[in-house]
Amino acid sequence: MGRGDLTDAEWARLEPHLPKNVGRGGRWRDHRVVINGILFRQRTGTPWRDLPTRFGKWKTVHDRHRRWSADGTWDRILRAVQADADAEGRIDWSVVSVDSTVCRAHQHAAGARHRSAPVPGRRRRPVQHRPDEAMGRSRGGLTTKIHLASDGGCRPLSILITPGQWGDAPQLIPVLERIRVPRPAGGHPRTRPGHLCGDKAYSSRRNRCYLRRRQIQHTIPERRDQRANRQRRGSRGGRPAGFDRALYTRRNEVERTINALKGFRTVATRYDKRAFVFHRTVAVAAIRLWIR
């Protein structure tokens, strides 16, 4: 076993959720070797063609990652390992925090064709294809922003990528609606945290109304201009937003989650041209955090 490869304990948690070989001769080469190759590239940021030969042909590893990114296999695996963790009581639902981080796009990530890339071997578009390829231009150049929600154990519950110049507040609702942890015993998936923390970038009337409608208690500081506008309107401005300073200190958990994700160099810097591939690159890093 090489440095950074899956341990036996991690493989035992991951193997039951991988696609099975069916038919004569099987379809897939050994999953463990290929996934170790994907993780090697995740950790080091090396180009696909420069993968060590111990992982087999580089194109086999690349095509497996791209195919599973296009058809949503990585997303299903992420939900499955989250369901296992929830069944074992390893998800801290008491406080869920939201935040975002900007990733600089490498020059090789630019220049994707405008028409969508088909799913390999199938005549349909990839899951969650974005026409803008989640690539934006800001002061730092071409960037992509990762929005996520994390549990109290510093692991991602949901992930969303957008162009780097997009704001945080409009993405709060899409991020929360992506939290869907299945229940192995059956029933509706769990989607509602016990408490939500976010910084003042998420303070808006639309977000607070949404959280109240879903009966999600939240700790989001009120922006200075919003507070001045409310006070200027008097009684029509409504009551001030509640703020629990002790709970707000737990917002560092999402910051630590971002640091853990950016420990993978392909997440800290975007090398993938297609948005659906980069989204699943982040999902693979999240899966590794969940099975540790």
Task: N-O pairing of Arg274 and Asp272 below 4.0 Å - done: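 Answer for the salt bridge query: no.
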
- [ ] Answer yes or no: is there an ion pair linking Asp30 with Arg32, defined by an N-O contact shorter than 4.0 Å?
- [x]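 No salt bridge links Asp30 with Arg32.
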
- [ ] Quick one: which residue pairs count as a salt bridge (charged side-chain N to carboxylate O under 4.0 Å, His left out) with a foot in residues 145-165, not counting sequence neighbours?
- [x]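 Pairs touching residues 145-165 that pass the test: Lys145-Asp168, Asp151-Arg155.
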
Open item on the list: Going by salt bridge (charged side-chain N to carboxylate O under 4.0 Å, His left out), name the pairs with one or both residues in residues 199-220, residues two or more places apart or in two chains.
Closed with: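 Passing the test, one end in residues 199-220: Asp199-Arg251.
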
Task: Residues in side-chain contact (heavy atoms from CB on, under 4.5 Å) contact with Lys59, at least two apart in sequence or another chain - done: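 Applying side-chain contact (heavy atoms from CB on, under 4.5 Å) to Lys59 gives Asp63.
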
TODO: Return the orientation label for the Trp48 and His62 ring planes: parallel under 30°, perpendicular over 60°, tilted otherwise.
DONE: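 Geometry flag for His62 against Trp48: perpendicular rings.
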
Open item on the list: Please tell me whether His195 and Asp244 have a donor and an acceptor in their side chains that are separated by less than 3.5 angstrom.
Closed with: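 Short answer, no.
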
Count the heavy atoms belonging to other residues, nucleotides or ligands that lie under 6.0 Å from [atom1] of [X], then report whether that count exceeds 12.
| X | atom1 | answer |
| --- | --- | --- |
| Arg76 | CZ | yes |
| Arg183 | CZ | yes |
| Gln217 | CD | no |

Task: Audit row: Asp86, Trp93, side-chain hydrogen bond (donor to acceptor under 3.5 Å, both in side chains) steps and yes/no - done: CA-CA 9 Å; Asp86 193 32; Trp93 290 97; 3.1 Å; yes

Task: Centroid separation His106 to Tyr271 less than 6.0 Å - done: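 Yes, ring centres under 6.0 Å apart.
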
- [ ] Please assess Trp68 against Ile38 for the test side-chain contact (heavy atoms from CB on, under 4.5 Å), listing each intermediate value before the final yes or no.
- [x] CA-CA 12 Å; Trp68 286 5; Ile38 295 172; 5.7 Å; no

